[in-house]
Amino acid sequence: MKKRISILSILLLLGMTVYAQTDIPQVIPSLQHWNGAKGKLTLPETGKIIIAPEAESLLKETAEIMAKDLKDMFGWNYQVTSGKPKNHSIYLSVKKTPSSLGEESYELDIRNHVTIEASTVKGVFWGTRTLLQMIHNQPLGLMKGKALDYPQYAHRGLMIDVARKFFTMDYLQDYVKILSFYKMNELQIHLNDNGFVEFFDNDWNKTYAAFRLESDRFPGLTSKDGSYTKEEFRNFQQMAARYGINIIPEIDVPAHSLAFTHYNPILAADKKEYGMDHLDLYKKEVYDFLDTLFDEYLSGDHPIFVGPDVHIGTDEYNLKEAEQFRYFTEYYLKYITKYGKNPRLWGSLKHMKGNTPVNLKGKTVNAWNYSWLDLETALQEGAKAINTCDAFLYIVPAVNYYHNFLDHQWIYESWSPRMMQEGEMIEQSTNLLGAMFAVWNDRVGNGISQQDVHIRTFPAMQVMSEKLWKGENTRNIPFETFETWCRTTPEAPGVNLQASIDDRKDLTLSGQEIILQGNDSVLTSIPEIGYPYSVEFEIYADPKPNIDAVLFKGPHSVFTANWQNTGKFAFSRDGYEFIFHSYRLPVEKWTKVRVEGDAKGTSLYINGELQERLEGRIGVVYNQKSLRKDSIWYQETLIFPLKQIGDKLLGFKGRIRNVICTPLNEKRYSL
């Protein structure tokens with residue numbers, strides 16, 4: 001009889017470390033310490049979140065968020081109350097003494113009930129995030145045991161460029177919940193910026209620029225194609241604080257400031273020498289303008305910028321004006337401090353050398369580029385440093401420089417917040433606060449969608465959350481295991497920007513033929529389907545069809561028939577419209593249509609044959625200053641809308657049947 005050799009034995013013979021995944025709870029970021037016990041705890045679908053009486057006023061909001069999350073994720077109904085813990089309940093408590101492990105530490109104890117205890121509200125809140133992930137990933141019951149958990153780095157963040165691509169407030173609110181679910185605690189909002197002049201006929205006056213925040217003192221400054229009111233931006237910051245997230249508003253000056261010079265050209269430096277996106281650092285009008293602008297958001301009893309930090313930009317100004325740039329930087333560091341805020345800035349002073357003093361002691365610096373200002377130099381200057389290294393941590397969608405997607409495995413296995421050059425790490429310092437990755441939208445008008453940005457930032461956020469919470473201890477779990485955890489852990493309670501389809505959904509309209517009159521619609525159980533997917537249907541158009549008729553509509557996009565009365569299919573999302581030009585739908589004839597979509601493009605099939613693939617379109621321009629060609633890679637992608645078929649206003653006229661949506665290589669769903 002042949003002797004069987006198990007995979008486990010082979011791994012041991014090869015000297016590889018074997019991890020018993022069942023011995024530790026699956027959560028991201030993974031727990032610092034876990035002591036398992038025998039047995040499991042099954043929480044009921046209807047239960048109680050009980051707050052220790054002495055902590056009721058502190059933890060009521062946390063408990064209410066937890067109850068809502070249990071409802072959103074699992075359909076459970078939990079009542080918030082106070083008192084002593086009971087079997088099969090969730091018990092929240094605040095310790096009377098501070099923890100030596102920091103304000104974000106917490107203990108989670110699973111016995112006959114679940115206890116989450118910390119010395120701060122934030123610690124308890126992070127414990128609820130862990131518990132939600134545990135419930136999701138342990139559907140047969142929670143492993144009993146005790147966790148002691150805390151972050152290695154206090155600042156764990158994402159910066160998002162909303163200036164060159166507008167992101168709706170709904171999207172930002174969803175992202176707060178996503179970051180919070182993974183215990184990331186900072187979101188920097190880059191409120192103003194501009195496109196590259198070469199993509200706008202090399203004319204600064206035509207070049208796209210935007211400032212996204214409402215301004216009363218400068219009417220007309222706010223971008224007209226997407227902005228936030230003062231009230232909604234203040235409410236957004238307050239909402240984020242409840243989820244443990246510090247919002248860092250950034251007004252980027254004195255470069256990247258074309259929105260301001262478009263508003264008032266007097267503010268611009270010599271555009272032939274520096275570019276119109278540079279403010280003139282010698283003009284009193286510039287300082288008067290910026291003083292007034294910052295004051296608008298920082299003054300009063302209820303300032304618009306709610307949190308403790310305000311970012312003033314200060315990156316990539318022309319080297320010729322280093323001394324005056326240093327003066328400008330010091331001026332606005334002091335100016336922001338006057339309002340009781342902690343100023344933050346992009347690190348530039350290693351590159352912008354000069355004799356004009358700039359006091360960085362106690363200031364928070366994004367160390368974003370080794371040549372402009374590296375971590376070690378920032379720390380030597382007395383700054384508090386956040387590693388935002390462009391070489392490793394910049395996402396710029398659809399370009400041939402920086403990252404389209406971060407190198408998740410390399411970051412997981414090799415990167416450290418102490419690293420700005422591969423393989424080189426500085427000594428640990430208490431002033432090295434943590435790290436932040438960034439998404440920039442350099443190519444204005446390239447067709448990228450909010451959800452396309454999300455599919456880039458979400459996996460990056462998962463791995464950054466692990467690295468910044470666990471530090472060097474991520475080596476305890478192999479990347480392959482961690483990657484599996486990432487795929488099976490949801491985005492956040494009530495959030496599904498990837499449009500993943502849950503196989504537990506109650507699907508309707510299966511096998512039905514729908515007759516649409518052009519002013520009616522049918523709702524489905526699936527809002528939209530994410531990449532990669534196939535959506536197929538049979539369609540019969542009325543002899544007198546509506547123009548630009550809505551065929552499918554979802555929360556983020558619309559798929560139409562008879563575009564501009566040509567019979568062509570088209571779709572729109574994020575202010576962009578895309579047309580399949582190669583096919584025209586006939587009237588009074590059944591036609592089988594299939595649309596396939598992935599993160600690179602969208603395909604149209606008719607009666608089983610590919611008609612057109614929207615992918616790979618490139619625009620080439622000439623940069624007069626650098627005397628070279630530059631390219632823009634257009635993104636013609638679609639997360640397919642399915643929330644409704646037809647529409648009450650300019651809907652499709654005709655019949656549609658056998659609508660089937662299929663996550664490719666996964667389970668098949670019919671509507």
Side-chain angles (χ1 to χ4, degrees), residues 161 163-164 190-212 215 217-223 250-294 311-335 345-358 368-369 371-373 440-445 621-630 632:
D161 171 10
R164 288 177 287 192
H190 186 78
L191 287 166
N192 68 284
D193 214 316
N194 47 267
F196 295 172
V197 68
E198 59 266 30
F199 293 101
F200 299 88
D201 296 332
N202 291 282
D203 185 341
W204 284 108
N205 291 312
K206 296 180 181 178
T207 301
Y208 183 87
F211 177 68
R212 297 298 185 190
S215 174
R217 299 188 187 179
F218 299 105
L221 174 63
T222 307
S223 177
E250 178 191 353
I251 297 177
D252 195 3
V253 289
H256 305 285
S257 299
L258 188 62
F260 305 140
T261 63
H262 274 179
Y263 178 77
N264 184 359
I266 292 174
L267 305 176
D270 187 319
K271 65 181 179 182
K272 290 184 179 179
E273 182 72 18
Y274 302 119
M276 195 177 171
D277 62 344
H278 279 44
L279 297 175
D280 191 325
L281 303 183
Y282 296 92
K283 286 183 178 176
K284 180 178 182 298
E285 291 92 338
V286 167
Y287 296 87
D288 290 344
F289 172 82
L290 292 179
D291 287 0
T292 304
L293 189 67
F294 277 115
H311 205 292
I312 62 170
T314 70
D315 64 322
E316 296 186 304
Y317 201 86
N318 195 290
L319 182 60
K320 293 179 182 179
E321 301 296 345
E323 292 291 356
Q324 192 66 11
F325 174 85
R326 294 174 69 89
Y327 169 83
F328 176 94
T329 301
E330 177 69 4
Y331 179 94
Y332 280 103
L333 290 176
K334 289 180 178 178
Y335 190 82
L345 67 160
W346 294 106
S348 294
L349 298 183
K350 179 181 177 182
H351 186 64
M352 305 293 278
K353 292 182 173 65
N355 297 317
T356 305
V358 180
W368 70 275
N369 178 276
S371 297
W372 284 81
L373 187 68
W440 300 97
N441 295 293
D442 290 8
R443 293 295 192 254
V444 174
V621 298
Y622 185 72
N623 186 326
Q624 291 180 354
K625 189 170 184 179
S626 64
L627 303 179
R628 71 181 185 201
K629 292 181 179 180
D630 285 334
I632 182 169

Requested in this report: Compare all side-chain heavy atoms of Val358 with those of Leu333 and state whether any distance is below 4.5 angstrom.
Outcome: yes

Query raised in the report: Is the closest side-chain donor-acceptor distance between Arg212 and Ser223 under 3.5 Å?
Result: yes

Requested in this report: Would you check if His351 and Leu373 make a side-chain contact, meaning some heavy-atom pair closer than 4.5 Å?
Outcome: no

Report summary line: Between the CD1 atom in Ile632 and the CZ atom in Arg443, the distance rounded to the nearest 0.5 Å is 7.0 Å

**Report entry** Asp630 CG to Asp442 CG distance, which is reported to the nearest 0.5 Å
**Finding:** 11.0 Å

Query raised in the report: Are any side-chain N or O atoms of Tyr287 and backbone N or O atoms of Leu281, one a donor and one an acceptor, separated by less than 3.5 Å?
Result: yes

Requested in this report: Check for a donor-acceptor pair, side chain of Trp372 on one end and backbone N or O of Leu349 on the other, with a separation under 3.5 Å.
Outcome: no

**Report entry** Proximity of Tyr331 and Phe328 rings by center, below 6.0 Å
**Finding:** no

Query raised in the report: Residues in salt bridge (Lys or Arg N to Asp or Glu O under 4.0 Å) with Lys320, at least two apart?
Result: Glu273

**Report entry** Side-chain donor or acceptor of Glu323 paired with backbone N/O of Asn355 under 3.5 Å
**Finding:** yes

Report task. Using atom types as modelled and distance alone, determine if a side-chain donor or acceptor of Ser257 lies under 3.5 Å from a backbone N or O of Asp252. Result -> yes

Query - Side chain Asn202, main chain Asn623, donor-acceptor under 3.5 Å - result: no

Query raised in the report: How about Ile266: does its CD1 atom have over 12 heavy atoms from other parts shown lying under 6.0 Å from it?
Result: no

Query - Nearest heavy-atom neighbours spanning His262 and Ala209 - result: ND1-CB, 4.0 Å

Query - Side-chain donor-acceptor pair present, His256, Asp193, cut-off under 3.5 Å - result: yes

Query raised in the report: Are Phe260 and Phe289 an aromatic pair by the rule of ring centers under 6.0 Å?
Result: yes

Report summary line: Shortest non-hydrogen pair, Ser626 vs Arg628, comes out as OG-CG, 3.0 Å

Query raised in the report: Is the side chain of Tyr327 donor-acceptor paired with the backbone N or O of Tyr282 at a distance under 3.5 Å, no angle test?
Result: no

Report task. Please check if the side chain of His278 supplies one atom and the backbone of Asn318 the other of a donor-acceptor pair under 3.5 Å. Result -> yes

Report task. Work out which heavy atom in Gly195 is nearest to a heavy atom in Val444; give both atom names and the distance. Result -> CA-CG2, 3.8 Å

Query raised in the report: Crowded around Lys334 NZ? As in, over 12 foreign heavy atoms under 6.0 Å?
Result: no

Query raised in the report: Looking only at atom types and distance, does a side-chain atom of Thr314 sit under 3.5 Å from a main-chain N or O of Thr329, one as donor and one as acceptor?
Result: no

Query raised in the report: Quick one: are Phe196 and Arg164 in side-chain contact, heavy atoms under 4.5 Å?
Result: yes

Query raised in the report: Under 4.5 Å between any side-chain heavy atoms of Ser348 and Tyr317, yes or no?
Result: no

Query - Test log, rule side chain to side chain contact (heavy atoms under 4.5 Å, CB included), inputs Lys272 and Trp204 - result: CA-CA 10 Å; Lys272 290 184 179 179; Trp204 284 108; over 6 Å; no

Query raised in the report: Once the angle between the rings of Trp440 and His190 is folded into 0 to 90°, is it parallel (under 30°), tilted (30 to 60°) or perpendicular (over 60°)?
Result: perpendicular

Query raised in the report: Which is it for Thr356 and Glu330 under the side chain to side chain contact (heavy atoms under 4.5 Å, CB included) test, yes or no, and what are the steps along the way?
Result: CA-CA 9 Å; Thr356 305; Glu330 177 69 4; 6.0 Å; no

Query raised in the report: Does the pair Met276 and Thr261 meet the rule for a side chain to side chain contact (heavy atoms under 4.5 Å, CB included), with working shown?
Result: CA-CA 7 Å; Met276 195 177 171; Thr261 63; 3.7 Å; yes

Report summary line: Shortest non-hydrogen pair, Gly347 vs Trp368, comes out as O-NE1, 2.8 Å

Query raised in the report: Do His311 and Trp346 have ring centroids that are under 6.0 Å from one another?
Result: yes

Report task. Answer yes or no: is there a donor N or O on one side and an acceptor on the other, between the side chain of Asn194 and the main chain of Tyr208, under 3.5 Å? Result -> no

Query raised in the report: Taking the side chain as C-beta and beyond, is there a heavy-atom pair between Asp280 and Tyr274 under 4.5 Å?
Result: no

Query raised in the report: Where is the tightest heavy-atom contact between Leu293 and Leu221, given as atom of each residue plus distance?
Result: CD1-CD2, 3.9 Å

Query raised in the report: Hey, mind stepping through Ile312 and Ile251 against side chain to side chain contact (heavy atoms under 4.5 Å, CB included) and telling me if it holds?
Result: CA-CA 5 Å; Ile312 62 170; Ile251 297 177; over 6 Å; no

Query raised in the report: Between Tyr332 and Asp291, does any side-chain donor sit less than 3.5 Å from a side-chain acceptor?
Result: yes

Requested in this report: Would you check if the side chain of Arg326 reaches a backbone N or O of Met352 as a donor-acceptor pair within less than 3.5 Å?
Outcome: yes

